[in-house]
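Letters A, B, ... mirror the listed sequences (proteins, then strands); counts begin at 1.
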Amino acid sequence: MAAPSSTNNAILTADHINVRFETAEGPVIAVDDVSFDVKQGEFFSVIGPSGCGKSTLFNVIGGLLSHHQGTIKVGGETISEPHKSIGMVFQEESTFPWRTVTDNVAFPLELIGMEKAQRIERAKHFIGMVGLNGFENRYPGELSGGMRQRVSLARTLASEPKILLMDEPFAALDEQTRLLLGDKVLQIQQQLKQTTLLITHNITEAVQMSDRILVMTYRPGKVKRIVDIDLPRPRTSEIVGSDAFGHYVAQIWSDLREEASRGMRDQEKHVMDEGASS
Amino acid sequence: MTAATARRSRSPLPAATGIGALVAFFATMEVLVQSGMVNRFIVPPPSEIFGSFGRVIVEEHVFGRFLQTLTECLTAGVMLTVFGVAGGVLMHRFKLLQQACETWVAALASAPIVLMYPLFLVIYGRSAWTIIMMGFFAALPPVILKTIEGISGTRKVLINVGRSFNLTPSQQFWKILFPSALPTIFVGIRLGLIFALINIVGVEFLINYGGLGQLINDLAERYDLAGTYAAICFVILVSVLFFMALEKVERWLRPVD
């Protein structure tokens, strides 16, 4: 794919990203020549079937994976390791169980040496933003899965990143909680004008929140299409009942269906091959 | 502390059940011994053991001995925590060291170190240091192994959180790896303290230097069975005190799991 036409307001640029892993069965191309850019204040999603290299792309953008080709630029600066401008929210539960909600959220503020009273005050601001007022002194073990993900989100927001990078943050949650948390993320994103890059396999979630959606192919993960979501803002989960929403979901599913089927066939073949060789 | 844990800790039921079970055990033993079903020359009746407490305390200077054993255990405990955790961290940090030594450390955990007391007597003389060092060496392996296990078991996503915040290696250790590993490290320290106490009392018994081990030896040789069991109760008290203190320290360092 051609390099993205970098617009002046592009805050994040991924340029010809290639990732290859060596496995026992030979080299696997996880990400193949992926290029895109994300504009300031935009909500951009990357969607694709399981195994298409979404999480690999998340790790490359977050600087957690260094053996890749191509460049990632933040505000024009090429980055090759975790960057303070990018705040990451992970798919797995990632709160620190030994810290209270306040101490979890204050973690990045502690790292920059902010005074205790000041960082507690700042942490409370972000705890309120994710709707966890009253739970400041609780430990993660006392919270539900959705609440813990909100703590992780607040902790990342507390570092005031230029780009919020999320890897399927609500994947482990039920559909209703996921929709409501989607509302919360949208509300925060609109309030902070936060540039957000969401990695997901959930079409509803992607359409509910995004300005643009990048659809990836199944292995090797390439850019299949970038879809503009022209739905009115501010949005809430109520939008899922609208005709326009259904149209976008159908459109993206028609793109993904073929890829997901290919992925399923590939996995079945892999299982058959393993069975035959054992 | 979770709400459920808090409720459990406020309820007197677990403590009452524990005490009740102990009382029931002693009452059963009393009946079994008094009825002749258990030989009283092997196990004296609990009433006789409790009756001998006063005599053991006054005539055998049990508190001095208790303090000696307690001090030896405390010294060995502090040493094994410092050197055991540091050893585990070093072995985790330097993979070659871990690959080279982990099997040997594991083998040392099951070695009957108490039989090496003549060697320790030669090195440290007939002193408290022989007892402390034997307790220390016997207890070191579980602390090292559990420290390695705890640090290695830190969830990858927590390490990635640290990386995403650009933590230095030192911050990564103190803010993520160490607190994450603490519960497992404390399991190692608890095991270590059990090994240390067994070895310390055992060596006191063998080298006749002092402490509760020597008292048990003296009383056993005099065939004062009730006194012997009473002295063993004081050894158990040392163990209980250590575990209570350790639990407090663990709760202070890591309020919840």
Side-chain angles (χ1 to χ4, degrees), chain A residues 55 58-59 61-66 79-101 103-113 135 137-143 148-149 151-153 155-156 158-161 163-169 172, chain B residues 1-11 81 85 89 146-147 149-190 246-257:
Chain A
S55 292
F58 169 84
N59 286 331
I61 298 167
L64 299 180
L65 195 68
S66 54
I79 61 165
S80 56
E81 55 185 27
H83 193 273
K84 62 180 187 314
S85 298
I86 298 178
M88 300 173 80
V89 179
F90 295 83
Q91 181 179 352
E92 303 97 319
E93 206 279 287
S94 68
T95 53
F96 301 131
W98 57 90
R99 285 172 170 255
T100 61
V101 168
D103 288 343
N104 259 288
V105 177
F107 182 73
L109 309 173
E110 190 180 308
L111 296 175
I112 58 170
F135 294 94
N137 296 320
R138 299 294 187 94
Y139 285 91
E142 299 173 273
L143 307 178
R148 280 184 235 172
Q149 278 305 65
V151 175
S152 299
L153 177 62
R155 180 180 61 193
T156 305
S159 66
E160 300 188 53
I163 300 156
L164 180 62
L165 177 60
M166 300 195 284
D167 181 18
E168 307 194 36
Chain B
M1 186 184 288
T2 63
T5 315
R7 274 198 300 280
R8 275 201 301 276
S9 65
R10 274 199 298 271
S11 165
T81 302
V85 173
V89 170
K146 282 289 171 185
T147 302
E149 185 188 319
I151 296 175
S152 307
T154 302
R155 287 166 54 223
K156 181 89 188 299
V157 69
L158 297 186
I159 295 169
N160 279 340
V161 169
R163 290 180 64 201
S164 76
F165 284 120
N166 267 310
L167 299 194
T168 62
S170 163
Q171 285 174 322
Q172 186 77 266
F173 177 76
W174 287 110
K175 292 193 181 289
I176 293 179
L177 292 174
F178 186 68
S180 163
L182 261 182
T184 315
I185 292 175
F186 268 89
V187 171
I189 295 174
R190 278 202 195 90
L246 204 60
E247 199 175 326
K248 292 269 180 214
V249 174
E250 189 178 2
R251 284 278 158 249
W252 173 65
L253 284 171
R254 189 168 162 160
V256 287
D257 291 332

Looking only at heavy atoms, what is the nearest atom pair of A:Gln91 and A:Glu168, with distance? CG-O, 3.4 Å

Let me know if B:Leu167 has heavy atoms under 4.5 Å from chain A in its side chain, its backbone, both or neither.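 It is the side chain, since no backbone atom gets that close.
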
Taking side chain as everything from C-beta outward and backbone as N, CA, C, O, which of these in B:Lys156 sits under 4.5 Å from a heavy atom of chain A? Side chain, backbone, both or neither.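 Nothing of B:Lys156, per the 4.5 Å heavy-atom cut-off to chain A.
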
Check the side chains of B:Thr147 and B:Glu149 for a donor-acceptor pair under 3.5 angstrom, ignoring hydrogens and angles. no

When only pairs under 4.5 Å are counted, which of A:Pro161, A:Ser94, A:Ser152 shares the most heavy-atom pairs with chain B?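 Ranked by contacts with chain B, first place is A:Ser94.
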
Heavy-atom proximity to chain B below 4.5 Å, by part of A:Glu110: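 The side chain, not the backbone.
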
Heavy-atom contact with chain B under 4.5 Å, split by part of A:Thr95: backbone

Tell me, please, whether A:Phe96 has A:Arg155 positioned over its six-membered ring: NZ or CZ under 6.0 Å from the ring centre and within 45 degrees of its axis?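 Yes; both conditions hold, so A:Arg155 lies above the ring face of A:Phe96.
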
Give a yes or no on whether a salt bridge exists between B:Arg190 and B:Glu247, defined as a side-chain N under 4.0 angstrom from a carboxylate O.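 Not counted as a salt bridge, because no side-chain N and carboxylate O are separated by less than 4.0 Å.
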
Kindly indicate, with the supporting measurements, whether the criterion side-chain hydrogen bond (donor to acceptor under 3.5 Å, both in side chains) is fulfilled by A:Asp167 and A:Ser55. CA-CA 7 Å; A:Asp167 181 18; A:Ser55 292; 3.3 Å; yes

